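A short worksheet on the structure shown next.
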Protein chains: 2
Amino acid sequence: MRSSAVCKGVSDADLATFHRIGRRSRVSRGQALIWAGDPHPPCGSLVSGMVKITASTIGGREQIVGLLYPGDFIGQPFAPQAEFTFTALTDAQTCMFAQRDFRRLLDMHSCVEQELLRRMAHSLDLARHRMLMLARQSAGERIAGFLLEMEAAIETPLASEGRPNAFELPLSRGQIAEVLGLTIETVSRQLTKLKNRGIIALCGGRSVAIIDRGGLEGLAEAA
Amino acid sequence: MRSSAVCKGVSDADLATFHRIGRRSRVSRGQALIWAGDPHPPCGSLVSGMVKITASTIGGREQIVGLLYPGDFIGQPFAPQAEFTFTALTDAQTCMFAQRDFRRLLDMHSCVEQELLRRMAHSLDLARHRMLMLARQSAGERIAGFLLEMEAAIETPLASEGRPNAFELPLSRGQIAEVLGLTIETVSRQLTKLKNRGIIALCGGRSVAIIDRGGLEGLAEAA
DNA sequence: CGAAGCATTGAGCTCACTCAATCTTCGTGG
DNA sequence: CCACGAAGATTGAGTGAGCTCAATGCTTCG
């Protein structure tokens with residue numbers, strides 16, 4: 001865990017300080033960590049579980065603009081107010097700092113600052129690739145790309161059950177729709193279309209098996 | 001100029017070093033600074049002019065995923081290869097560094113590192129707001145929001161010509177379409193619709209005047 | 001003045017959305 | 001353990017916003 005977090009280059013002694021300043025907490029599925037608009041929101045590290053970052057219009061239309069996995073950084077150390085809402089998708093554990101504390105910590109540990117910079121840069125690249133997807137890809141391309149992405153991100157292949165290339169999607173249909181900028185119905189229809197074409201298998205619930213990876217990659221037409 | 005760039009907190013002596021290491025160059029309108037896929041692309045500062053960052057699918061569909069103004073940072077100091085293409089929208093001047101040089105420079109000047117971190121964080125917020133727009137806003141909302149954004153970004157009101165609230169769009173219709181994830185035709189139609197409703201005036205070329213700001217804000221329905 | 005590039009306008013179509021009904025899955029309590 | 005209810009998922013029918021293709025107009029520069 002620690003090896004992947006922002007504090008990965010920090011000495012054991014300093015790490016103890018981190019834990020003294022940071023506040024560990026558990027949140028349950030569906031609970032919000034930070035609300036868009038919160039003044040001087042905290043920031044920190046996601047220890048376990050998954051968190052979504054959502055933006056929404058005044059009218060209430062929502063879009064997932066980021067997904068966080070264990071070890072990922074939560075929030076922004078400099079923003080005077082939160083721009084987005086952070087919500088736990090699963091039960092999760094976090095280690096959060098007040099902005100002031102975290103900034104002081106950055107000043108003292110330049111390795112953490114550099115690591116954070118790398119992560120921000122990477123998240124920015126990710127966000128921009130998603131912009132391309134949202135603006136220019138068809139529903140079919142989005143679904144195909146999403147499945148390949150998820151397969152790569154999931155470390156638990158259900159090979160044990162005799163299903164090679166099968167894995168459990170960490171998101172509901174509705175959440176997939178929120179990520180891809182589609183509706184639940186369209187996500188569902190595209191998945192059944194892939195199933196009927198024999199490219200994937202849907203084995204009930206959220207588990208999927210990729211039968212024809214080549215076909216799926218062809219449909220993805222990624223950048 | 002210097003007051004707004006990443007090197008804003010640097011002493012004069014150190015700034016001289018920067019200029020020795022960095023390479024100044026001029027690029028003309030339409031010329032690419034960095035191509036997506038370039039290995040170890042340079043990074044640096046935009047001195048004058050405007051630059052677009054584009055992502056594109058294999059099929060050639062393009063999307064502008066970022067716009068850079070004078071003083072903005074260009075590129076990524078850590079990426080092993082460029083993810084996006086950077087192209088001058090106008091004649092421009094840059095001050096670029098090799099990645100290795102720039103990273104060394106970051107190590108020596110933590111104020112620059114922090115400034116870069118702030119900018120990255122801000123760009124990330126911007127990109128995520130754009131994701132919401134691309135995924136969930138209608139063409140009308142996108143155009144309205146874009147006009148308001150542009151008006152705020154342009155410092156040259158053409159009040160001198162007796163046109164209060166009039167300004168020159170820095171982008172062609174095609175480029176606006178690329179930013180908003182629409183087509184040229186849709187952009188054009190939406191603009192004439194606004195004109196016919198008396199909300200804006202189109203005075204030939206790229207100049208626009210906002211007649212009814214309240215109305216425009218109502219249509220924007222931003223977050 | 002002519003040509004090239006940009007912008008506008010029109011007609012028609014398609015893909016994804018909306019609305020609505022049904023089916024499945026899963027957790028809960030009797 | 002099973003029945004029930006709620007939430008999630010699938011499927012269908014119909015609609016419409018924005019795309020495509022195509023023609024025309026404007027503007028700016030040689």
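Computed from a predicted structure; not experimentally measured. Computed over heavy atoms, backbone and side chain alike; hydrogens, waters and symmetry mates excluded. Within every chain, numbering begins at 1; the chains are lettered A, B, ... in the order of the sequence lines, protein sequences first and strands thereafter.
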B/Ile184 CD1 to C/dC6 P, straight-line distance once rounded to whole Å: 8 Å
Atom-to-atom span, CG of B/Leu202 to C1' of D/dC26 - whole angstrom: 13 Å
d(CD1, A/Ile176; C1', D/dT10) in whole Å: 14 Å
Residues A/Arg136, B/Glu62: salt bridge by 4.0 Å N-O rule: no
Under 4.0 angstrom between B/Thr183 side-chain N/O and D/dT20 OP1 or OP2: no
Nearest-angstrom distance from the residue atom CG of B/Leu194 to C1' of C/dT9: 16 Å
Rounded interatomic separation in angstrom, taking NZ from B/Lys195 and C1' from C/dA7: 11 Å
Nearest-angstrom distance from the residue atom CG of B/Leu182 to P of C/dC15: 18 Å
Spacing of B/Lys193 atom NZ relative to C/dT8 atom P, expressed in whole Å: 15 Å
Side-chain donor/acceptor of A/Arg189 to base of D/dG12, under 3.5 Å: yes
hbond_proxy B/Glu185 side chain to D/dC21 base (donor-acceptor, 3.5 Å cutoff): yes
Sugar-phosphate only, base, or nothing, as touched by B/Gly174 at under 4.0 Å among non-hydrogen atoms: sugar-phosphate
Closest-nucleotide ordering on DNA chain C, the 5'-leading residue of B/Ser172 and A/Ala139: B/Ser172
Side-chain (B/Gln175) to main-chain (B/Ser172) donor-acceptor, under 3.5 angstrom: yes
A/His122 ring center within less than 6.0 Å of B/Phe78 ring center: no
Length of the line joining B/Leu191:CG and C/dA7:P, which is rounded to integer Å: 10 Å
Shortest side-chain distance from A/Thr186, nucleotide among D/dG18, C/dA16, C/dA7: C/dA16
B/Arg173 (side chain) and C/dG5 (base): donor-acceptor pair under 3.5 Å: no
Ionic contact status for A/Glu185 with A/Arg189, cut-off 4.0 Å: no
For a quick test of your reading: what N or O donor-acceptor pairs under 3.5 Å do the side chains of residues 139-150 of chain A make, sequence neighbours left out?
unit_1, atom_1, unit_2, atom_2, d
A/Glu141, OE1, A/Ser138, N, 2.9
A/Glu141, OE1, B/Arg61, NH1, 3.2
A/Glu141, OE1, B/Arg61, NH2, 3.4
A/Glu141, OE2, B/Arg61, NH2, 2.8
A/Arg142, NE, A/Gln137, O, 2.9
A/Arg142, NH1, A/Leu180, O, 2.7
A/Arg142, NH2, A/Leu134, O, 3.1
A/Arg142, NH2, A/Gln137, O, 3.0
A/Glu149, OE2, A/Arg130, NH2, 3.3

Sugar-phosphate, base or nothing in reach of A/Gly181, heavy atoms under 4.0 Å: sugar-phosphate
